[in-house]
Amino acid sequence: MVEDSVPLGMRIAGAFSWRVLVVAGVIALFVWLMTVFSDILIPFLIGIVISALLVPVSNWLQRHHVPKWLAVVLSLLGGLAAVAGLLWLVIDQIIASYPSLRDRTVSQYGNVREFVLNSGFGISQRDVNTWLDEATKWVQDNSGTILSGVASAGSSATHVFEALFIILFTTIFLLIDGKNVWRWTVRLFPRKARATVDGAGVAGWITLTSFIRVQIFVAFVDAVGIGLGAFIVGLFFGGMPLVIPIAAIVFLGAFIPVVGAIVTGFLAVFVALIFNGPLAAVLVLGVVLLVQQIEGHILQPLVMGNAVKVHPLAVVLGVTAASGLAGIAGAFFAVPLIATLNAMVTTIASGRWRGLDSDHVLEATPKRGQHGRIQLRRRRHQVGDEVPAPGSDDQPSAEPGTASTN
């Protein structure tokens, strides 16, 4: 037979190859579906991330005898108040500093032009005018593309309220009824696979909530470090404006690991250059790089590494690949998605799912209870009691250990 004439190594390689192609095809299909449904998927994922932050707060309130509805309301209002306060602070500071920022930008442009003309590199005023004319011509030639992009952004703005609606309702329903949402999701799988899926989901949820809490801490350290450093440098040059907005933007940018803080930190360098000159800008750049080194060599390995257990190389490659596929949204979701999937796969492969139970799924193991009634054993939830799987109701729906079916 022809098959017998094929070397064993070639047959093994072929078997591996077509399986790899199938897996790659499934991944490509999954990525394509995510792209098609991105308008729904991205707000939904944001809602899950927000829920991962608010569910522990709601659970803590309920454990301290606060009614469930009140705990949910307080959690939501507290989160909204924090975001609104941060936005108000940033906008108010920017509006107050805009006139001086505009005037100093024009003034520094003149200084930079004079520096370039007198730098000794042979650059003349004619060269500068030529560059400006070319830039103006490029804008005119590409005005159609620019205007279409603005129109696209305007039409996309109509979807903002839809996205906010999805985020809000996803968060509300996960806070109120996340337990049943997770139960319904698990029961989509075959009965024999439900316990495995349930345990993997618990591990992924614990990792996600740990990542969110640790990332908030890391972002806070980045924001305070760069903001305080810029403020101290400004003291030696007559003051540094926009310190609070810079710190707030760094805080938000730090949610994109590795690169977020350093990219947003260049805003502080720009402001220092405009208001305080090149020397202050270099010093602020040193502060940004120092904070980035502290994050990369201390916070990421010691704090973030213990929370997500993902190698920094995987983080860098994941952020780069995801940002190339989905832009800012991809960069934002890359690390939590990688960490969650890593925890779920590791839990399944190691068999640890047998010790994890979200208390949402009944095992199909009948036994005779009192008076001959059939009961189903419920596996006890051993890990993650402080952070249960999606939902705020961490109380069992039946007596511990059993659930009667009559």
Side-chain angles (χ1 to χ4, degrees), residues 49 53 82-98 100-102 104-105 108 112 211-308 312 315-316 318-320 323 327-329 331-336:
V49 171
L53 177 62
V83 174
L86 185 63
L87 291 177
W88 175 82
L89 190 62
V90 171
I91 294 173
D92 180 70
Q93 292 282 321
I94 291 177
I95 292 176
S97 303
Y98 174 74
S100 61
L101 180 63
R102 179 194 57 203
R104 293 301 296 265
T105 301
Q108 285 295 339
V112 170
F211 169 81
I212 296 300
R213 292 198 300 267
V214 171
Q215 189 59 49
I216 289 176
F217 172 74
V218 172
F220 177 79
V221 172
D222 288 341
V224 171
I226 293 177
L228 184 61
F231 175 77
I232 294 174
V233 171
L235 293 178
F236 296 95
F237 294 90
M240 176 80 171
L242 298 175
V243 171
I244 294 179
I246 289 171
I249 293 173
V250 170
F251 177 80
L252 297 176
F255 281 90
I256 301 177
V258 181
V259 297
I262 193 169
V263 171
T264 53
F266 276 103
L267 176 62
V269 178
F270 172 76
V271 173
L273 176 64
I274 294 298
F275 280 89
N276 304 117
L279 179 59
V282 171
L283 293 176
V284 173
L285 177 60
V287 170
V288 173
L289 295 177
L290 176 62
V291 172
Q292 180 64 24
Q293 292 299 311
I294 293 174
E295 176 189 344
H297 294 283
I298 297 177
L299 297 180
Q300 289 288 346
L302 298 181
V303 181
M304 185 64 73
N306 292 330
V308 300
V315 173
V316 174
V319 170
T320 304
S323 61
I328 296 177
F332 176 79
F333 289 113
V335 177

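- A280 and V233 make their closest contact through O-CG1, 4.0 Å (heavy atoms, listed as atom of the first residue, atom of the second, distance).
- For residues 264-289, there are no ring pair (Phe, Tyr, Trp, His ring centres under 6.0 Å) pairs, not counting sequence neighbours.
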Only pairs under 3.5 Å count here: list side-chain donor-acceptor contacts from residues 237-254, not counting sequence neighbours, and write none if there are none.
none

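- The CG atom of L279 lies 11.0 Å from the CG atom of L273; values are rounded to the nearest 0.5 Å.
- Here the closest heavy-atom approach between residue V287 and residue G229 is recorded as CG1-CA, 3.8 Å.
- By the side chain to side chain contact (heavy atoms under 4.5 Å, CB included) test, L53 pairs with I212, I216, sequence neighbours left out.
- Interatomic distance, I91 CD1 to L86 CG, rounded to the nearest 0.5 Å: 9.5 Å.
- Residues V288 and V269 share a closest heavy-atom pair of CG2-CG2, 4.4 Å.
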